[in-house]
Amino acid sequence: MNVADLTGLPDGVPEHFHAQGIEELYPPQAEAVEAGITEGESVVASIPTASGKTFIAELAMLSSVARGGKALYIVPLRALASEKKEEFEEFEQYGVSIGVSTGNYESDGDWLASRDIIVATSEKVDSLVRNGAKWIDDLSCVVADEVHLVNDAHRGPTLEVTLAKLRRVNPDLQTVALSATVGNAGEMADWLDATLVDSTWRPIDLRKGVLYGQALHFDDGTQQELARGNEKETAALVRDTLEDGGSSLVFVNSRRNAEAAAKRLADVTKTHLTDDERRDLLDIADQIRDVSDTETSDDLATAIEKGAAFHHAGLASDHRSLVEDAFRDKLIKVISATPTLAAGVNTPSRRVIVRDWRRYDGDIGGMQPLDVLEVHQMFGRAGRPGLDPHGEAVLIAKSHDELQELFDQYVWADPEPVHSKLAAEPALRTHILATVASGFAGTEEELLDFLERTLYATQTDETGRLETVTQHVLDYLDRNGFLERDDRLRATGLGHRVSQLYLDPMSAAEIIDGLRDADGKPTALGLYHLVSRTPDMYQLYLRSGDRERYTEIAYEREPEFLGHMPSEFEDNAFEDWLSALKTARLLEDWASELDEDRITERYAIGPGDIRGKVETAQWLLNAAERLAAELQRDDAEGIPSATTTAVREARKRVEYGVEEELLDLAGVRNVGRKRARRLYEAGIESRADLREADKSVVLGALRGRKKTAENILENVGRQDPSLDDVEADAETAATSARATNDGGQQSLGDFE
DNA sequence: TCCGGACAGTTCTAGACAGCATGTC
DNA sequence: CTAGAACTGTCCGGA
């Protein structure tokens, strides 16, 4: 089928595709068109990565928009939202408008309603439905990317329930689900009343193989000799690709391994760089160091100078995009990564090496082989269409037996079927409340009827399981005052609040208990601990020695904690409580202006983890504040206003990462925790001071950076922000330099 | 005296969505 | 329960 044969698209779009060099549709794309994708028919496309899924989505959405409709594209990760937005923006010239909505990147609500195509995460869509966004009713087409995610115990149910709700709101909704090749795509097609397009076709050839000793065995029966002295397998593979002019992606099973591998592989890549590349890499390394001055950041920069990099969730997001971009530009020759990269933004590579195919799993306390689906996702990163002759995906065997095992287990194996995880109690807790609160079900029958529309219902034969769990969950929600049940189901004011705030009801219950328990003004640590022990916060892991260390802190600061502290003999409960304490201490350190590198060192985490924890804490404390307000309204006991004030203060402190006295200053744009502290030390203690203060003192406190200082003065609304002819005050500058060195001396005493 | 290599024992483990108000891609 | 890479510490031998 030819692009010119496509009908139903906005004017100019077929020509646009043609100009892009797309003439003949790929077979799966043609199949999707035959299934009626441009005529509003629902389709489930189960096809490999990089075989033109986005194009299928575009056909569905653009034709829908051409008919006067509105399309929604659901992405699994925030990072993918902006990537997709950029791809779709090329259609703006044909009158199609694009909008994005994710938690950290919100376009104005009304503005969003006027967009033709909206890109959002599944959680954001869920939240928009809960909050009654009007434009949801106008949708004519929804595309769900990476639907196999319904298999994920944590985030899968959200996608599942969201799709069910969207289809319920609009029964004529065209549903397009894009999935990796999975074992049971047919079941998903049944669920969504869609035509199945199931194909393993790829635009460029993918050779899969296993390395054992010196021999690389491929699935087509060929073998390649890989000369290596005492070089490690991975290094030899990377070198071989490099000599062939290609780059490699190495998947390993822990962050530490990723960092260690990058360090070692840098010795291989450094001998394969041109002078130009070396210069560009130095520049990128500098940018990396600018992102954060932690050890992780420095290690990454050092590796990048030599043409290698690591990639994992402990990196700041700026780190990640710098690495991804430089890899796409072929400057970085190899990335060693944890699975973040397999699911993340598009980073294709000539060769993919899956070094570790087992991963530690805390639930069973040992190593567990990766899912076939996961390994295939990693494989799918091999080969850049149009650039590489073919892609290569390689596993590494340590014995002859393992060679055969890996072929059977991953190379030849079909991916597992995906299974709905909806029937788990934590998932239902939040979704049942939301379903009732946003009016999708007014009785238990209606609720069960709604749940019948989920993938879970189409997959299970086991009757009664869902009913039983639903009863448990309803009891729980009733008991905690989130809903009332007689012959009907009704969410209480509190229940509505919890649903809108996107909280797990269990988190809300924990927070409410804690706030009720507070008498007087709770401390920041107490509040950080409270939110850290909710199920919505990922807790830090207790390492050796931590148990003793935090037990001691727990007793020292016992009066500060809200709610009941489990006894030391309730093993699991106590451990969890201590993990939360460790997390709370991190937040307290951050809010006490402790340097980023000290924090990463103390908790053995990366700069990205600090941002993540801080962001979550901010969100949960905001929720706590609103819950307190809600209780004030319909509860005789209420929450004392001193508590609410303390919550707000704790949230602001964690948001800016500063002590209380800097809150005013840190709110000024371009003034972060460090600059605020320097200004304060120079005697400028508030925004008002900043507007009045001697300019040379301001400049001195900001270490003579004129441009920055002018911006800041402008942002704070100073009449005449110009700093021409102003010299930095020498004494202030000297003090400022000192203040930076031992800044954040508070609360250092407890360790080492 | 210093250094590297071999060896044994120890340590530690992936990921990341959401609110709100403001101000940016 | 079902691991394994990397790090740490120690000892030895050679220069």
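So that the names make sense, note that chain A is the first sequence line, chain B the second, and so on, each numbered from 1. Heavy atoms only: backbone and side chains are in, while hydrogens, waters and symmetry mates are out.
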*Can a salt bridge be assigned to the pair A:Arg611 and A:Glu615 using a cut-off of 4.0 Å between side-chain N and carboxylate O?*
no
*asked:* Can you tell whether the side chains of A:Arg626 and A:Glu630 come within less than 4.0 Å, N to carboxylate O?
replied: no
*Where does DNA chain C form stems of at least three consecutive Watson-Crick or G-U wobble pairs, each pair having both distances below 3.5 Å?*
B:1-13 with C:3-15
*Taking the same atom, P, in C:dT2 and in B:dT13, what whole-Å distance lies between them?*
22 Å
*With the side chain counted from C-beta on, respond yes when A:Asp609 and A:Tyr603 share a heavy-atom pair under 4.5 Å apart, and no when they do not.*
no
*When rounded to the nearest 0.5 angstrom, what distance separates CH2 in A:Trp135 from CG in A:Leu128?*
5.0 Å
*asked:* At 4.0 Å (heavy atoms only), tell me whether A:Arg355 reaches a base, stays on the sugar-phosphate, or touches nothing.
replied: sugar-phosphate
*Using a heavy-atom cut-off of under 4.0 Å over every strand shown, decide if A:Arg130 touches base, sugar-phosphate, or nothing.*
nothing
*Could A:Arg673 and A:Trp590 be counted as a cation-pi pair, given that NZ or CZ must be under 6.0 Å from the ring centre and within 45° of the axis?*
yes
*Nucleotide B:dT22, atom P - distance to CG of A:Asn670 in whole Å*: 18 Å
*Pick the P atom in C:dC7 and in B:dA14, then give their distance to the nearest Å.*
14 Å
*For B:dA18, give its Watson-Crick or G-U wobble partner with both distances under 3.5 Å, or none.*
none
*Is the number of heavy atoms from other residues, nucleotides or ligands under 6.0 Å of A:Glu295 CD greater than 12?*
no
_Listed once per pair and sorted, the salt bridge (Lys or Arg N to Asp or Glu O under 4.0 Å) pairs that draw on residues 146-163 of chain A, sequence neighbours left out_ = A:Glu123-A:Arg155
*Just checking, is any N or O donor in the side chain of A:His311 or A:Glu324 under 3.5 Å from an acceptor N or O on the other one?*
yes
*Ignoring hydrogens and geometry, is there a side-chain-to-backbone donor-acceptor pair from A:His376 to A:Tyr410 under 3.5 Å?*
yes
*Starting from the 5' end of DNA chain C, give me the residue, A:Asp356 or A:Gly366, whose nearest nucleotide shows up first.*
A:Gly366
_Atom-pair distance (CG on A:Asp299; P on C:dA6), nearest Å_ = 15 Å
*Quickly work out the A:Phe251 CZ to C:dG4 P distance and round it to whole Å.*
21 Å
_Treating primed atoms plus P, OP1 and OP2 as sugar-phosphate and everything else as base, which nucleotides of nucleotides 10-19 of chain B get B, S or - for protein heavy atoms under 4.0 Å?_
-BSBBSBBBB
*asked:* Just the rounded figure in Å: distance from P of C:dA3 to CG of A:Asn257.
replied: 17 Å
